[in-house]
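These notes concern the structure reproduced below.
Worth saying up front: this structure is predicted, and the values here are computed from it rather than measured.
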Amino acid sequence: VYTADHGEMLGDYGSVGKRTMLNPAVNIPMIVQWHDEFEAGVQNDTPVTLLDLFPTFASVAGNDSIYPSSEGRNLRDVVAGNNDREFVYSQFSEGATGLYMIAGSDYKYVYSVADRKSWLFDLQKDPDESKNWSGNPRYETIENKFQQILIERFETDNYDQAVEGGHWREYEPPPFPKPDSDDGLLFQDAAHLKQLLSKLGPYW
């Protein structure tokens, strides 16, 4: 298995680092070679998570009953289409700077505590995640569904740093970074950013 714990923004969206839930940071590679189970060269676009590795390794060792997390799935079942999981999740930081994500094959919902703001991406229409559909009446049902599932997940875990009374827990906004610093920001937008981006060429 070749994979990683997260991706990196390497100039994507004019940003660096991993502190966002955009695909360059969370859509990491997972390459598996398993001669007896997987056909070579086949790509599967079903969302998976690092929690799937433990039950997969346990299965290789002959034990199909070890699931330390209820969200983990045997990759053998995922590839075979026997996968009842609809969403995967991710989190960056917690408390006043918590950033939480739920994603499926078609949509991704993100909530930033520091900004008290939601993002909803239509991954089929906009795979580059350039448009935030949060608050758009056409997507209201989808956004409410994703938000509720994510909140209920944290409530089930009694994770009160994220939720309180069925809603996102609110904190005092963290202090804004010093001038010319982007420490802690989800997107870097320093005054000279446009000048830096122009040097990268027309496709950035």
Between OG1 on residue Thr20 and NE2 on residue His6, distance to nearest 0.5 Å: 13.0 Å
Over 12 non-hydrogen atoms of neighbours within 6.0 angstrom of CD in Gln124: yes
Side-chain heavy-atom pair Met101, Tyr111 within 4.5 angstrom cut-off: no
Within-4.5 Å side-chain heavy-atom neighbours: Val88 and Glu71: no
Nearest heavy atoms of Gly72 and Pro55, plus distance in Å: C-CG, 4.0 Å
Within one Ile-Leu-Val-Met-Phe-Trp-Tyr cluster: Phe87 and Trp168, side-chain cutoff 4.5 Å: yes
Minimum heavy-atom distance Ser59-Asp64, with the two atoms named: OG-OD1, 2.7 Å
Backbone of Arg73 reached by a side-chain donor or acceptor of Arg76 within 3.5 Å: no
Common cluster, Val79/Leu51, ILVMFWY with side-chain heavy-atom separation under 4.5 Å: no
Derivation and outcome, side chain to side chain contact (heavy atoms under 4.5 Å, CB included), residues Ile31 and Gln33: CA-CA 7 Å; Ile31 302 172; Gln33 183 184 49; over 6 Å; no
From CD (Gln148) to CZ (Arg153), nearest 0.5 Å: 14.5 Å
Joint cluster assignment, Leu120 & Leu99, ILVMFWY side-chain distance < 4.5 Å: no
Gln91, CD atom: more than 12 neighbouring heavy atoms under 6.0 Å: yes
Candidate pair Val32 and Val1, rule side chain to side chain contact (heavy atoms under 4.5 Å, CB included), full reasoning: CA-CA 5 Å; Val32 181; Val1 175; 4.2 Å; yes
Criterion salt bridge (charged side-chain N to carboxylate O under 4.0 Å, His left out) on Arg85 and Asp52, from CA distance to verdict: CA-CA 11 Å; Arg85 180 180 58 204; Asp52 297 334; 2.8 Å; yes
Identified side-chain hydrogen bond (donor to acceptor under 3.5 Å, both in side chains) counterpart of Ser130 within the set Asp128, Asp126, Asn132: Asp126
Over all atoms of both residues, closest heavy-atom pair of Glu143 and Gly135: OE1-N, 2.9 Å
Shortest non-hydrogen contact between Tyr100 and Glu94, atoms and distance: OH-CA, 3.9 Å
Glu155 side chain to Gly166 backbone, donor-acceptor under 3.5 Å: yes
Any Ile102 side-chain heavy atom under 4.5 Å of Ile149 side chain: yes
Hydrophobic cluster identity match, Tyr13 and Trp133, side-chain contacts under 4.5 Å: no
CH2 on Trp34 to CG on Asp36, rounded to 0.5 Å: 8.5 Å
Atom pair CG/OG1 of Asp115 and Thr97 - distance to nearest 0.5 Å: 10.5 Å
Single-linkage hydrophobic cluster Tyr171~Phe92, side-chain heavy atoms < 4.5 angstrom: no
Min side-chain heavy-atom separation Lys145-Tyr109 under 4.5 Å: no
Contact check, side chains of Lys108 and Val26, non-hydrogen atoms, under 4.5 Å: yes
Stepwise side chain to side chain contact (heavy atoms under 4.5 Å, CB included) check, Phe38 with Asn44: CA-CA 11 Å; Phe38 299 157; Asn44 190 306; over 6 Å; no
Flag side-chain contact, heavy atom, 4.5 Å: Ser134 against Trp119: no
Trace of the side chain to side chain contact (heavy atoms under 4.5 Å, CB included) decision for Thr56 with Asn74: CA-CA 4 Å; Thr56 302; Asn74 186 338; 3.8 Å; yes
Side chain to side chain donor-acceptor pair (under 3.5 Å) assessment of Asp45 paired with Gln43: CA-CA 7 Å; Asp45 293 327; Gln43 179 173 322; 2.9 Å; yes
Gap between atom CD of Glu129 and atom CG of Asn27 - 0.5 Å precision: 8.5 Å
Closest contact, heavy atoms only, Gln147 versus Ser118: OE1-OG, 4.1 Å
Heavy-atom side-chain contact between Met30 and Leu53 under 4.5 Å: yes
Within-4.5 Å side-chain heavy-atom neighbours: Phe154 and Leu150: yes
Mutual orientation of the aromatic rings belonging to Tyr107 and Phe146 [parallel < 30°, tilted 30-60°, perpendicular > 60°]: perpendicular
Spatial distance of atom CG (Asp5) from atom CD1 (Ile28) [nearest 0.5 Å]: 7.0 Å
